[in-house]
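One structure below.
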Number of protein chains: 2
Amino acid sequence: MTNQMPSRADRPLRADARRNRQRVLEAARDAFVEDGTDAQMEDIARRAGVGVGTIYRHFPTKQALIDTLADQWLADSAAIAAEALELPDAWEALSAYVRRSAEDMMRNRGLRQVYGGLGRLFEKGTGGRNSELVTNVRRLIDRCHQAGVLRADVGFAEFRALMYGLAMATSNADTLGAQQLYADVILKGLRP
Amino acid sequence: MTNQMPSRADRPLRADARRNRQRVLEAARDAFVEDGTDAQMEDIARRAGVGVGTIYRHFPTKQALIDTLADQWLADSAAIAAEALELPDAWEALSAYVRRSAEDMMRNRGLRQVYGGLGRLFEKGTGGRNSELVTNVRRLIDRCHQAGVLRADVGFAEFRALMYGLAMATSNADTLGAQQLYADVILKGLRP
DNA sequence: TGACAAGGTGAAGCCGGATTCCGTATTGTC
DNA sequence: GACAATACGGAATCCGGCTTCACCTTGTCA
């Protein structure tokens, strides 16, 4: 009952396996971006040029595949926030994040679902999936509060909800212009 | 090939049938409000105190049941808009509609889904489901435009998308306060 | 190059939910 | 009260996804 179990622990993946894993990931990304998380495993396999069984060799379950991509997306979002934080002006920084983030979500149906599903589990302690995103966004908000350029009654939770709303509004916007418009409306509404 | 077919055309429903139809409708409403349109037929039947078969006697398909309720909800929404139109001030009228509508959507998961699914099919000509809602809301918007109290670049389509976004933002808001806050943000953003 | 374990395949199994079906119960009419 | 027409119930069926499995293929290493 000790810790042995040297089985197939961390032996490096075989070359073809690594390649396939990557293909699956890419195919899944495309499928989820287009069709949301209810894209079908069969479809993903087809896009990857692989049998369904192969997907299951790498991911025990569809949910695991979704989670893997979700983590990646949230990390991307965290990076966007980090980038925005480098802007000197607090309001500019927040605006930049909002705009870029909205753009991402407009394109990515899967991300919207993930974001929506996260719900308030997100803010629960620091445990939430990708806490880096949370801390970065918190920082963006705090800076604005200190500069007095953001409604005081909008905290992290409220901001998150509004971002989700923005994403959804944006989701069935056809033109790029509309997308911009919605972001503008929200941003204007956020001023004190 | 004429028009006969006098079969069971419009003979009034038997008493018990009418009663059950009503119960099903109420149960379905509750279920959809709570769980959205993927509430299960079995669950609806249970709530109605009826067998699944009975549901199918009255509605050929789950979708038909959803549609029936959707129409009703949209009609309700049209009524809210009509009521708002009675207010003398254009902006007050629009605000009132936004607030009451958001409140409805916050409670009604099914309605949110319907509203989201409607997508742009809504504005397509006058054909959309419940055109009364469309005309009333158009009127609310036009009045605001004439009074110059609403961004000129927000037309019906844009307004609709923003309402949907508001509903979604609101959907995982816990407090009533948050719900109000989101509406405020949007409304403020809508000013010219 | 041969052996063999890691990896791939996709048809079959499984499961959850909508829909059907038919024997039974209720209503309305004479 | 009895008959015919309507309705009801809910187990059986159908269907569309995810997941598994028994059997091939390929990469790796001596």
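Naming: A, B, ... by sequence-line order, numbering from 1 per chain.
For the pair E103(B)/R99(B), no side-chain contact is recorded, criterion being any heavy-atom separation below 4.5 Å from C-beta on. Using a 4.5 Å heavy-atom threshold, the side chains of L94(A) and V149(A) count as separate. Contact annotation: the side chain of M106(A) approaches that of L176(A) to within less than 4.5 Å [non-hydrogen atoms, C-beta and beyond].
Sorted by first and then second residue, the salt bridge (charged side-chain N to carboxylate O under 4.0 Å, His left out) pairs with a member in residues 74-90 of chain A read E83(A)-R100(A); sequence neighbours excluded.
Both tests hold for R160(B) against Y115(B): distance to the six-membered ring centre under 6.0 Å, angle to the ring axis within 45°.
Each of R21(A) and M41(B) has a nearest nucleotide on DNA chain C; the 5'-most of these lies closest to R21(A).
Listed in residue order, the members of residues 24-40 of chain A having a heavy atom less than 4.0 Å from DNA chain C come to none.
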Query raised in the report: How does protein contact run along nucleotides 20-30 of chain D, one letter per nucleotide 5' to 3', with B for base contact, S for sugar-phosphate only, - for none, heavy atoms under 4.0 Å?
Result: B-----BSS--

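OP1 or OP2 of dC8(D) lies within a sub-4.0 Å distance of a side-chain N or O belonging to H58(B). For dA7(D), neither phosphate oxygen OP1 nor OP2 lies less than 4.0 angstrom from any side-chain nitrogen or oxygen of N20(B). For T54(A), no side-chain nitrogen or oxygen approaches OP1 or OP2 of dG7(C) to under 4.0 Å. For T61(B) and dA18(C), the shortest distance from a side-chain N or O to OP1 or OP2 is not below 4.0 Å.
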For residues 47-63 of chain B, dump all side-chain donor-acceptor pairs below 3.5 Å to protein atoms at least two apart in sequence or in another chain.
unit_1, atom_1, unit_2, atom_2, d
R47(B), NE, D43(B), OD2, 3.2
R47(B), NH2, E34(B), OE1, 3.4
K62(B), NZ, T37(B), O, 3.1
K62(B), NZ, A39(B), O, 2.8
Q63(B), NE2, D67(B), OD1, 3.0

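Other members of a hydrophobic cluster containing L87(B) are absent, since no ILVMFWY side chain comes under 4.5 Å of it, directly or through relayed contacts.
Partners of D71(B) under the salt bridge (Lys or Arg N to Asp or Glu O under 4.0 Å) rule, at least two apart in sequence or in another chain, are R129(B).
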